[in-house]
Every structure is written in structure tokens, then in C-alpha cells.
Protein chains: 2
Amino acid sequence: MAEKSKLWYLENFNLFKGLNSEKLESLGKISKMKDFEKNQPIYFAHEPSSSIFFLKKGRVKLTRTSNDGKEMILGLVNPGEVFGEMSFLDEGERTDFAIAMEPSLICTINKEEFKKFVSENNELNLRITKLIGLRIKKYTERIEELVFKDASQRIISFLIRLADDNGKQLGSDIFVKPFLKHQDIADLTACSRQTVNSVLTDLREKKIIHFDRRKLIIHDKETLLKYIG
Amino acid sequence: MAEKSKLWYLENFNLFKGLNSEKLESLGKISKMKDFEKNQPIYFAHEPSSSIFFLKKGRVKLTRTSNDGKEMILGLVNPGEVFGEMSFLDEGERTDFAIAMEPSLICTINKEEFKKFVSENNELNLRITKLIGLRIKKYTERIEELVFKDASQRIISFLIRLADDNGKQLGSDIFVKPFLKHQDIADLTACSRQTVNSVLTDLREKKIIHFDRRKLIIHDKETLLKYIG
DNA sequence: TTTCAACTGTCAATAAAACGACAATCTTTT
DNA sequence: AAAAGATTGTCGTTTTATTGACAGTTGAAA
């Protein structure tokens with residue numbers, strides 16, 4: 001491994017993997033790194049979407065709020081991932097609200113400068129195309145889930161995704177840092193807090209998962225998979 | 001207006017508006033025009049997605065089916081619009097199923113040839129970018145609707161979209177050709193046929209819309225808008 | 001013209017999940 | 001350490017929408 005460059009913070013982004021140091025250098029010039037504390041907003045709905053973001057460290061959630069104040073979570077962002085990339089596709093305003101769930105380190109690049117950088121580095125085009133394709137796929141899957149699955153199936157699907165994205169396998173158990181409260185899971189799966197609680201409790205009684213306020217363990221992913229067919 | 005070219009069929013696609021005749025010519029060379037009859041499938045799920053489609057005339061619906069046979073409609077395609085464009089973003093298989101709802105005329109272009117054409121005509125890049133952005137927006141709006149709105153609000157939202165996309169204003173009435181059966185509306189709005197019927201009937205009783213088997217008229221769009229806030 | 005299949009309209013029964021309420025527990029602040 | 005606030009757990013109760021069943025219509029096919 002090469003010596004630690006001052007651009008260390010760009011190296012780990014999936015999107016930039018394998019770029020040579022010259023290009024990372026020029027990327028470094030147009031990017032700004034910023035710390036966010038827990039619960040600090042990153043951008044708001046109706047703001048002009050003029051930047052694209054990369055999460056280096058921490059955790060971010062993207063939400064939408066209905067007229068009457070109900071919240072839904074559009075997505076969670078893990079380290080190494082891009083967010084706010086709609087700015088790349090669209091001139092308009094943001095439609096979602098981004099907030100740091102934990103102390104986070106976030107890299108910001110101005111939309112126009114990023115577009116210019118991409119046009120000078122065509123290898124990125126393909127990656128971005130794939131990224132966008134993946135987003136569309138995720139959204140259509142989410143729609144499908146809302147249409148075809150009932151509340152407990154949606155919650156179980158979510159647990160599986162959580163295990164895959166954020167879990168650490170230890171023997172036959174998968175440990176997940178429980179960074180979401182029940183209300184968050186409810187906002188992610190389009191059901192009520194009480195329903196989330198009862199589904200989780202039920203799974204715990206059946207020894208398929210275990211959880212309390214400080215841990216979440218999936219004992220038996222196989223069985224969970226059976227529930228959602 | 002210029003004399004009718006043999007490329008008349010390409011002229012009206014939103015995506016190609018304003019391309020000069022030389023470019024249309026070369027587009028003509030890589031595109032194939034084909035007639036589809038009512039209920040004829042255009043592509044299936046799990047097929048490799050090797051082409052992109054443009055609807056010249058008729059009407060197409062894009063659907064997904066759950067494991068247990070329930071259907072949802074992912075979207076309706078109107079003349080002048082693209083579909084199957086995921087092939088442009090993704091190497092994989094189709095995830096949806098496209099079927100002609102009416103006798104239709106459809107232009108097909110091979111994904112790779114289309115990509116080549118786009119790379120030689122950079123003005124298209126921006127339009128495609130916008131198109132993709134719009135798709136993402138539509139999907140997130142759909143998710144939002146499923147999460148925040150109840151069945152009758154979803155049906156009413158759908159009626160408004162239908163009026164906007166397919167309606168002809170005549171005085172204060174908006175006429176829509178009723179090309180959808182109740183089951184289709186149900187598949188579009190994620191509720192049951194019976195619920196669709198009862199919501200529509202209720203709106204008819206209140207004289208906000210009128211419909212029977214051969215027509216659908218929206219008398220009072222204002223009031224519909226009030227229902228959905 | 002008759003027949004058949006698909007679609008519409010309606011209703012009662014059932015099921016799913018939201019909602020409201022409140023106690024218990026944990027966390028943070030003072 | 002006490003108080004306040006947030007989160008979880010557990011209830012009945014109520015709402016919403018699905019389901020199934022069946023009769024009435026309509027359009028197409030024979």
C-alpha cells in the first residue's frame with residue numbers, strides 16, 4: 001500500500017476506486033470535506049440541488065415528509081456511498097431531506113464542477129450510469145414490495161437487507177449495530193411503530209432474531225428468507 | 001412544413017425532436033419499425049434487455065407480476081415516449097413485461113447501436129439524462145403516494161394524472177378515452193377492483209366525474225385536487 | 001341470434017394494520 | 001441523583017380495505 005496521501009479521504013469511495021493519483025488530486029481540488037454532528041441536517045427539501053455528496057464516515061438518512069407531518073425514509077447511506085446524486089440528473093430543487101444520524105464526515109462537490117470532472121474522465125460515466133441504474137432498480141423493487149408484500153414481510157425483507165448491508169457475520173449469527181429505532185424501521189417499511197414492535201417481538205420469541213436496546217442479532221437468516229418467499 | 005420524409009416515424013419522438021435530417025437518416029438505419037396487435041407482448045421479464053423502444057402509435061403497459069400471480073402496472077406508455085430504457089443503464093435482464101394494450105406501432109433500436117448513436121450526438125446525452133431523472137422522480141413520487149395516501153386518494157391522484165396525460169379539455173369537462181378497465185386501475189393504484197369501483201361510483205354520485213363503459217369524463221378537477229390536499 | 005366470456009356493480013364477512021392510551025424502561029440533562 | 005424526555009412494550013378499539021360471492025351487463029364469437 002502506498003503512503004498515506006492527503007487525499008486519503010477520496011480513495012475509498014466506490015465511485016473513485018482505481019483513479020490515478022493525478023486525477024484524485026484534481027478531484028481533491030474541487031471537493032470539500034466537512035464534519036457533521038449527530039442530527040445535523042445536510043440539505044433540505046426545496047433547496048436548489050447544486051452539490052453531490054459522498055459519505056466517508058458515519059451514517060446518513062434521506063427522508064420525505066408528507067403534508068401532515070408523517071415521515072418516510074427514502075434511503076440510508078453507508079460509508080463509501082454517494083447521495084444527493086439527483087442533482088446530477090436534474091436542475092431543480094431537492095425533494096428530500098438529508099440528515100446525519102451519527103457524527104459523519106462528508107465530501108461535497110459542486111454539481112457543475114463534478115460534471116466537468118466526469119466529462120474529462122470518461123471511465124466515470126459508465127460507473128455513474130450503473131449507479132443510476134441501480135437506484136432505479138432499488139426504487140422499483142421498493143414499489144413492488146409495497147404493492148405485493150404485507151407489513152411483516154416488508155419488515156422481514158428490511159431485516160435481511162440490513163443484515164446484508166450492515167451486518168457482521170460471526171458464526172451463524174449476524175450482528176447489526178442497532179442504529180435505528182423502531183420508528184425509523186416503521187418509516188422505512190411503511191407501517192406503524194407498534195406493528196414493527198410486534199413483528200420483531202414475535203421473531204424474537206421464535207428465536208429467529210434477538211434484540212434489545214443495544215444489539216440486534218439475526219440468528220436464522222434462512223428462516224427469514226422463507227417468510228418472504 | 002417539409003415534405004413527408006420516409007423517416008416521418010422518427011420525427012415525433014420527444015427525444016429526437018430537432019435532430020437534422022442527416023442524423024434522422026442514420027437513426028433510421030439502425031431502427032426497425034414494427035406493428036403489434038392488441039395484447040401482443042413486446043418483451044418479457046428475464047429476457048436480456050438488448051433493445052430500447054419508442055412508441056409511435058397505440059398504447060403500451062409495463063407490468064410486474066408477483067410470485068403468487070398478482071399483477072402491478074409499473075407504468076403506461078403514451079405515443080412519443082420511450083420505454084425499455086433500462087437497457088441503456090444496465091446490462092442485465094428485463095424485470096418487467098411490456099404488452100401492447102391497443103394495436104401499436106413501435107420503433108426498436110438495438111441497445112449497443114443506440115449507445116453508439118448517442119455518443120456521436122452529444123445533444124442527446126442531456127435529454128437522456130433528463131429522461132432518467134424524470135423516471136427516478138416518478139418512481140419516488142409513486143413510493144411517496146403508496147406510503148402517505150390511502151386507497152381513494154391514490155385512485156383520485158391517478159384520475160388527475162390520467163386527465164393531464166390523456167384527457168381532452170372540452171369546456172369545463174375533461175374527456176378521457178376509457179382504455180383501462182377497473183382491474184387495470186386497481187393494478188396501477190395498488191388496491192382491489194372493488195375498491196376502485198366503489199371510489200369511482202362515489203365520485204359519480206357526487207357528480208365530480210362521470211363514467212360508463214365507453215366514456216370517462218372529469219367534470220370537476222378542482223374538487224379532485226382538494227381531496228388529495 | 002344465441003352463447004360465452006369478460007367486465008361491472010354491490011354487499012356482507014373478514015382480515016390487516018393503524019390508532020390511542022398508558023406503563024415500563026432507558027438516556028440525557030440539570 | 002433527580003427530573004425530564006425519549007423509546008419500547010402491550011393492550012383493546014376502530015378503521016380501512018380485501019375477499020368472496022353473485023347478479024347484471026356488455027361485447028365478441030359461433
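The chains referred to below are lettered A, B, ... by the order of the sequence lines, with proteins before strands, and numbering in each begins at 1.
Among the heavy atoms of the strands, none lies under 4.0 Å from Arg154(B). If you check every strand for non-hydrogen atoms under 4.0 Å, Ala190(B) touches sugar and phosphate atoms only.
Atom CG in Asp184(B) sits about 11 Å away from atom C1' in dC7(C), given to the nearest Å. In this structure, the CG atom of Asp212(B) is 11 Å from the P atom of dT8(C), given to the nearest Å. Remark: P of dA17(C) and CG of Asp202(A) are 13 Å apart, rounded to the nearest angstrom. The CG-C1' distance, from Asp150(B) to dC19(C), rounds to 15 Å in whole Å. Phe179(A) places its CZ atom 22 Å from the P atom of dA6(D), with the value rounded to the nearest Å. Note: CG (Leu180(A)) to C1' (dT7(D)) measures 14 Å, nearest angstrom. In this structure, the NZ atom of Lys181(B) is 12 Å from the P atom of dA28(D), given to the nearest Å. Atom-to-atom, CG of Asn39(A) to C1' of dA6(D) comes out at 12 Å; the value is rounded to the nearest Å.
By the 6.0 Å and 45° rule, Arg204(A) stacks over the aromatic ring of Phe211(A).
The side chain of Arg193(B) lies closest to dG9(C) when the candidates are dG9(C), dT25(D), dG20(D). Distances were taken from every side-chain heavy atom of Gln194(A) (C-beta onward) to each of dT7(D), dC11(D), dA17(C); the shortest belongs to dC11(D). Relative to the side chain of Ser192(B), the nucleotides dT19(D), dG9(C), dA18(C) differ in distance, and dT19(D) lies closest. The side chain of Arg213(B) has dT25(D) as its nearest neighbour among dT7(D), dT16(D), dT25(D). Out of dT27(C), dT8(D), dA17(C), the shortest distance to the side chain of Arg214(A) is found at dT27(C). For Thr201(A), the listed nucleotide lying nearest its side chain is dT10(D); candidates were dA17(C), dT10(D), dT7(D).
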(request) Evaluate the criterion side-chain contact (heavy atoms from CB on, under 4.5 Å) for residue pair Phe88(B) and Leu131(B); output intermediate values, then yes/no. (result) CA-CA 12 Å; Phe88(B) 195 77; Leu131(B) 176 81; over 6 Å; no
(request) Apply side-chain contact (heavy atoms from CB on, under 4.5 Å) to the pair Leu203(B) and Leu159(B), showing each step before the final yes or no. (result) CA-CA 11 Å; Leu203(B) 290 171; Leu159(B) 285 177; 3.7 Å; yes
(request) Show your reasoning for whether side-chain hydrogen bond (donor to acceptor under 3.5 Å, both in side chains) applies to Lys149(A) and Ser157(A). (result) CA-CA 9 Å; Lys149(A) 292 182 178 159; Ser157(A) 290; 3.3 Å; yes
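Side-chain N/O atoms of Thr195(A) include none lying less than 4.0 angstrom from OP1 or OP2 on dA17(C). Distances shown here put every side-chain N or O of Asn197(A) at or beyond 4.0 Å from the OP1 or OP2 atom of dT8(D).
Aromatic ring pairs are classed by plane angle as parallel below 30°, tilted from 30° to 60° and perpendicular above 60°; the pair Phe54(A) and Phe13(A) is tilted.
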